[in-house]
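No hydrogens, no waters, no symmetry mates; every other heavy atom, side chains included, goes into these values. Note on naming: letters A, B, ... go to the chains in the order of the sequence lines (proteins, then strands), and numbering restarts at 1 for each one.
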Amino acid sequence: MSNPTSHRLLIEAGRTERHYWKDLWRYRELLYFLSWRDILVRYKQTVIGVAWSVIRPVLTMIVFTVIFGKLAKFPSGNAPYAILVYAAMLPWQFFANALSESSNSLISNANMISKVYFPRLIVPCSAVVVSLVDFLISFAVLAVLMVWYQFIPEWRIVTVPLFLALALLASIGFSLWLSALNVKYRDFRYIVPFIVQFGLYVSPVGFSSNVVPGKWRLLYSLNPMVGVIDGFRWAILGGDAQIYWPGFLLSTGLTLLILYGGIRYFRKTERIFADII
Amino acid sequence: MSDTIIKVENLSKKYLLSHLADKREQLFSRLLVNKIKDVGARLAGSIKRNTVQAQTTEEFWALKDVSFEIKQGDRVGIIGRNGAGKSTLLKILSRITEPTKGRITIDGRVASLLEVGTGFHSELSGRENIYLNGAILGMSREEIKRKFDEIVAFAEVEKFLDTPVKRYSSGMYVRLAFAVAAHLEPEILIVDEVLAVGDMQFQKKCLGKMEDVSTKEGRTVLFVSHNMPAIRQLCKTGIVLGSGSLIMQGNTADCIDIYSHSDARKAATIVSHITKLNSNIRIDQVTVNGNAFDEVTLPSCCNELEIEVLGEILMPLRMEIEAKIVDIYDMPLAFFSPGHNQGKADLCPPGHFHLKRKMSLPPNINQGEYYLNICLAEPNVVVFVDMPRAAKLLAEGVTTKTGRTIEYARGAGWLFLPES
């Protein structure tokens with residue numbers, strides 16, 4: 001028989017779930033299964049399958065290397081320009097994919113949301129996890145590039161997971177905001193592709209952030225991805241790649257703020273998702 | 001055990017209906033424009049602020065002050081018309097949506113099955129979907145692995161486990177989906193009208209499974225259905241909802257009785273089924289067995305149907321009641337015509353009229369759903385009023401000595417013939 005105290009559940013108006021985080025933990029396997037589903041389904045009935053997750057960043061990298069490195073002749077320090085670009089391409093693609101996938105995630109899972117209970121936070125998070133898998137695949141390409149250019153990274157490369165974690169937090173933060181807003185205001189379906197496209201140019205993907213004049217550097221760091229990308233470059237390129245610390249701290253602080261706000265907003269609105277979706 | 005497992009107190013749920021009913025109202029830009037206009041108007045000191053956005057919203061109480069208690073191990077049927085609040089109640093109980101007022105205390109884990117196959121992905125195979133659906137319903141991977149063979153056997157899809165479910169027949173799809181849900185192990189199982197799909201045999205199997213879950217394992221089952229025989233078979237007690245309020249809680253038979261006679265079913269009267277009406281006739285009321293609503297339960301034996309029509313005519317008419325019993329495919333099964341029987345129809349004088357005819361039904365009508373089509377006609381000449389499917393007849397059927405209830409849907413036809 002049931003143990004009454006262990007599963008007592010109280011449903012009341014305006015009550016935030018006391019067991020929310022425990023529930024989230026209990027449903028962790030759902031996170032795994034949803035991501036697994038999306039990955040399985042993703043490349044069904046495509047000819048080259050997983051190669052798509054490699055082709056996109058590689059082609060962008062080639063274009064940027066030619067335009068910024070060869071034509072505009074931006075500096076790249078001691079590293080090959082292709083690696084400079086690719087090191088930034090990795091976190092950027094991750095962030096951009098996570099944003100586009102997760103902002104629609106709640107709506108594309110609307111039937112689940114209106115028929116089953118589970119912590120809704122899982123849905124956008126699983127979309128981020130799917131992008132993370134793409135990131136790992138693309139990361140393998142970086143290794144190939146390094147062999148090609150005979151570029152040997154320094155010890156700093158072991159700090160990549162740290163910056164990846166920062167990218168993850170930024171992605172989740174933005175995803176929570178956008179997915180929750182998208183449930184109510186479908187405008188965000190149009191806003192997100194714009195953010196992603198625009199962001200590629202205002203983030204230091206095709207060029208090093210050193211080309212930004214010193215007095216603008218702090219302002220530039222208001223873009224949370226600036227910190228992440230600089231971090232990736234610092235870890236992967238080594239040598240004279242430097243982190244601009246005040247900017248990095250500002251970026252990180254902003255990321256955490258957005259994440260905190262995202263969780264708050266998501267928690268506040270998820271209670272009415274089923275009614276308005 | 002008879003301790004309370006679910007306690008619902010003064011539960012209410014309000015929805016806001018926007019009468020512009022316009023999706024664009026939800027657009028962010030629209031909202032921004034309205035906000036700006038609003039602010040602008042306020043700055044300008046205008047008093048017509050509210051006319052800027054003449055969006056009329058109306059409150060709609062899907063549930064109002066509903067209180068009840070459910071004991072451990074009960075099988076409770078929740079019945080009521082469409083729109084009575086059944087689904088809203090289930091959604092609140094399963095934490096999909098929040099109540100506006102009131103509280104619910106639940107002592108146990110809840111698993112709800114509001115739709116068969118929620119989260120199934122058509123591209124994935126049967127095997128993959130079992131895991132996915134199990135996870136969505138709250139099972140752990142270990143649990144699913146343990147029950148995998150049982151689920152597959154229950155669903156009878158062994159051969160197609162690695163086929164994408166988009167190539168499944170709808171029957172297989174439903175079987176697989178129910179099988180996963182049926183193997184959940186919650187203390188409380190909430191099931192919405194999901195058995196409407198699938199063939200009779202499978203429905204039987206599902207009902208049997210739910211009964212098992214409750215009697216053998218002591219679980220509580222909440223079951224919503226419009227299928228009264230199923231409710232009668234499965235549930236010990238019932239809850240009747242009508243336009244958002246609790247009408248009664250009690251044993252199943254009483255609940256079904258109340259449901260089929262009370263205002264709980266106000267939504268559809270027999271009169272509402274009129275499709276053809278002569279301009280000289282006004283119909284005030286039509287009843288079958290004294291009941292103005294369009295559902296009649298036929299017990300297994302010795303039935304009569306009394307059709308009564310009240311109204312007014314502007315000119316004298318030779319008018320008689322005629323009726324047909326048809327099956328769910330509108331295939332006629334039986335015809336009733338006092339006019340043909342007596343050779344002529346009486347002449348009704350102008351003014352109010354009151355027609356009342358009684359037909360006797362054969363005994364041993366097989367279990368199933370039939371419809372009664374009612375007409376007012378001058379036999380062989382003209383039909384004045386037509387009411388196709390005026391009432392649904394729910395026959396409870398004959399249970400034979402083998403313990404089998406003979407069903408129309410399983411090919412037995414509509415009568416079970418006795419030996420002479």
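- With a 6.0 Å radius and a threshold of 12 heavy atoms from other residues, nucleotides or ligands, A/R189 has its CZ atom above the threshold.
- A/Y32 carries B/R141 over the face of its six-membered ring, with the cationic atom under 6.0 Å from the centre and within 45° of the normal.
- In this structure, chain A has no heavy atom under 4.5 Å from any part of B/E9.
- Distance CG/B/D107 to CG/A/L9: 9.0 Å, rounded to 0.5 Å.
- Note that the CD atom of B/E115 and the CE atom of A/M112 stand 11.0 Å from one another [nearest 0.5 Å].
- Atom CZ of residue B/R95 and atom CZ of residue A/R271 lie 13.5 Å apart, to the nearest 0.5 angstrom.
- Heavy atoms of B/L93 lying under 4.5 Å from chain A belong exclusively to its backbone.
- In this structure, OG in B/S140 is found 8.5 Å from CZ in A/R28, a value given to the nearest 0.5 Å.
- Counting non-hydrogen atoms of other residues, nucleotides and ligands closer than 6.0 Å to OH of A/Y260 gives a total of 12 or fewer.
- Around atom NZ of B/K166, more than 12 heavy atoms belonging to other residues, nucleotides or ligands sit under 6.0 Å away.
- The 12-atom threshold is not exceeded at NZ of B/K64, counting heavy atoms of other residues, nucleotides or ligands nearer than 6.0 Å.
- Considering only heavy atoms from C-beta on, A/I11 comes within 4.5 Å of B/I106 through its side chain.
- Smallest separation of non-hydrogen atoms from A/L40 and B/L124: CD1-CD2, 3.7 Å.
- Contact annotation for A/I113: only backbone heavy atoms (N, CA, C, O) come within less than 4.5 Å of a heavy atom of chain B.
- Minimum interatomic distance between B/H121 and A/R37 (heavy atoms only, all atoms of both residues): CD2-CD, 3.9 Å.
- Of the two parts of B/T100, only the backbone, made up of N, CA, C and O, holds a non-hydrogen atom closer than 4.5 Å to a non-hydrogen atom of chain A.
- Residues forming a ring pair (Phe, Tyr, Trp, His ring centres under 6.0 Å) with B/Y173 (at least two apart in sequence, or on another chain): B/F120.
- The structure places CD1 of B/I92 at 15.0 Å from OH of A/Y117, a figure rounded to the nearest 0.5 Å.
- The pair A/D275-B/K14 does not meet the salt-bridge criterion, since no charged nitrogen lies less than 4.0 angstrom from a carboxylate oxygen.
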Stepwise side-chain contact (heavy atoms from CB on, under 4.5 Å) check, A/E12 with B/T105:
CA-CA 9 Å; A/E12 245 178 334; B/T105 321; over 6 Å; no
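- Of the two parts of B/K101, only the backbone, made up of N, CA, C and O, holds a non-hydrogen atom closer than 4.5 Å to a non-hydrogen atom of chain A.
- The contact between A/R120 and chain B is made entirely by side chain atoms (from C-beta outward), counting heavy-atom distances below 4.5 Å.
- Heavy-atom distances place the side chain of B/K13, and not its backbone, under 4.5 Å from chain A.
- Rounding to the nearest 0.5 Å gives a distance of 6.5 Å between OG1 of B/T118 and CG of A/N111.
- Across all non-hydrogen atoms, the minimal contact from A/K115 to B/S112 is O-OG, 4.5 Å.
- Residue A/F33 comes nearest to B/A135 through the heavy atom pair CD1-CB, 3.2 Å, listed as atom of the first residue, atom of the second, then distance.
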B/I96 and A/V116: CA distance, side-chain angles, deciding distance, side-chain contact (heavy atoms from CB on, under 4.5 Å) verdict
CA-CA 6 Å; B/I96 293 162; A/V116 193; 5.5 Å; no
If you apply the rule side-chain contact (heavy atoms from CB on, under 4.5 Å), what do you find for B/R103 with A/L10, and how did you get there?
CA-CA 7 Å; B/R103 61 147 67 182; A/L10 200 64; 3.9 Å; yes
